[in-house]
Amino acid sequence: MTAPASLAEFTDPARCPRLVVKVGSSLLVARDGVRRAWIEALVAELAAARARGQDVIVVSSGAIALGAGRLGLDKGGRGSLADAQAAAAVGQIALSGLWAELLAAHGVTAAQMLLTLDDLEDRRRYLNVTATLARLLDCGAVPVINENDSVATHEIRFGDNDRLAARVAQAARASAVLLLSDVDGLYDRHPSEEGAALLPVVHGLTPEIHAMANGHSGSGLGSGGMTSKLQAADIAGLAGISLAIASGLHDAPIARATEQGIGTLFLPRARRGARKAWLGGRLRLKGAVAVDAGAAAALGRGSSLLAKGVTAIEGAFERGDAVAIREPEGRVIAHGLAEYDAADCTRLVGTHSSEQAAILGYAPRSAIVHRDQLVLL
Ligand code: GLU
């Protein structure tokens with residue numbers, strides 16, 4: 001698989017055979033309803049991408065904002081979870097109808113998928129989503145995806161469609177994600193400050209880059225903000241997928257971003273195997289394993305995590321659950337699948353393999369997390 005190395009390559013089917021386009025709430029919905037003319041223009045761009053030979057997946061926000069307007073709910077429908085869920089139920093049906101109608105005008109079939117966090121965190125369900133997406137794209141349909149907001153509660157929500165888009169891209173083995181938002185991209189300081197400069201390309205998400213983001217959604221309609229966009233870039237990057245942020249506050253926003261190069265492109269790291277990408281992109285982990293500096297260095301060299309280098313276990317996880325691995329300063333350096341449940345891991349903390357059979361009462365495994373079940377972040 002390939003990933004575009006510039007914004008211009010987002011429209012090149014050879015460099016970007018499969019593109020996920022995420023559209024933010026403020027672009028789709030205004031106070032008085034959907035921004036139909038704008039969506040029509042975007043759909044024309046999406047149809048053109050397909051005509052060039054690109055597969056297209058849409059991640060569409062806007063259900064809550066649209067439904068809130070129709071139900072007369074204040075705070076854009078985000079005053080309470082019940083409001084958001086009711087608003088989403090009303091908004092989603094209208095939104096999918098609109099996407100289906102406008103894509104059909106270009107002879108394209110739309111396919112709705114509503115996902116929750118668990119659909120992508122649980123390996124079996126993730127593979128189901130992957131298979132459905134693959135089949136839909138094979139059949140020539142354009143999947144239009146949103147979070148299943150009317151049933152998802154706090155614990156099982158993504159909460160923002162930026163990370164959802166990155167996870168969907170991973171599941172669909174896409175080459176790139178374009179996040180259309182109400183900002184041009186990532187600025188080196190708050191865009192309202194004088195002298196703020198747009199970053200055209202980001203190679204790797206350093207702490208300095210994170211410091212440039214601010215967690216507040218400008219429009220008040222969506223829930224993303226720059227922080228969730230950087231998290232999305234991280235998830236995509238780990239899976240070898242390019243991600244760009246560009247403004248949708250213009251007609252033909254894809255052309256503006258790709259032809260004029262206005263946006264921020266996050267270049268991916270090397271593409272990993274699909275399974276490791278899934279593991280690295282997991283958002284909800286069942287526990288954590290703290291390790292000493294020697295073990296952290298050994299993991300960096302590609303070793304398994306041995307009990308000897310483990311200093312503490314947190315959380316209640318079962319064998320096979322995904323856990324975070326933390327170095328002494330507290331930074332999460334890897335995700336992996338635990339070879340033991342939390343109780344047995346705790347009993348093995350700091351032990352050498354020769355002592356483990358006596359402690360466990362059964363033949364120990366070779367590691368706390370095996371290198372094949374581990375991905376460095
Ligand atoms: N799923 C939400 C909606 O359709 C949008 C989430 C977001 O703002 O990113 O309203």
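Atoms within each ligand, like the ligands themselves, are counted from 1 in listed order.
- Heavy-atom proximity to Ser61, at under 4.0 Å, picks out these atoms of ligand 1: 4 (O), 5 (C), 7 (C), 9 (O).
- Of all the heavy atoms of Arg78, the ones lying under 4.0 Å from any atom of ligand 1 belong exclusively to the side chain.
- One side chain, Ser96 or Gln112, offers a donor N or O that lies under 3.5 Å from an acceptor on the other.
- Not a single heavy atom of Arg157 sits closer than 4.0 Å to an atom of ligand 1.
- Counting only non-hydrogen atoms, the option in Leu95, Val29, Ile64 that gets closest to atom 10 (O) of ligand 1 is Ile64.
- Ligand 1 has a nitrogen or oxygen under 3.5 angstrom from a nitrogen or oxygen of Ala63.
- With sequence neighbours left out, Arg135 forms a side-chain hydrogen bond (donor to acceptor under 3.5 Å, both in side chains) with no residue at all.
- Between Ser60 and ligand 1, a contact under 3.5 Å exists for no N or O pair.
- Look at Gly62 and you'll find a heavy atom under 4.0 Å from some atom of ligand 1.
- In terms of polar-atom proximity, Lys22 is not counted as a contact of ligand 1, lacking any N or O under 3.5 Å from an N or O of the ligand.
- Interface of Asp149 with ligand 1, defined as ligand atoms under 4.0 Å from a residue heavy atom, comprises 1 (N), 2 (C), 3 (C), 4 (O).
- Taking the charged nitrogens against the carboxylate oxygens, Asp251 and Arg256 have no contact shorter than 4.0 Å, which rules out a salt bridge.
- Judged by distance alone, the side chain of His106 and the main-chain N or O of Val108 form no donor-acceptor pair under 3.5 Å.
- Scanning for salt bridge (Lys or Arg N to Asp or Glu O under 4.0 Å) contacts around Arg347 gives Asp344, with sequence neighbours left out.
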Pair Asp12-Arg52, salt bridge (Lys or Arg N to Asp or Glu O under 4.0 Å): steps then yes or no: CA-CA 8 Å; Asp12 177 351; Arg52 281 193 296 268; over 6 Å; no

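- A salt bridge does not link Lys286 with Glu318: none of the charged nitrogens is closer than 4.0 Å to a carboxylate oxygen.
- Within the set Leu114, Asn146, Asp162, the minimum heavy-atom distance to atom 4 (O) of ligand 1 is found for Asn146.
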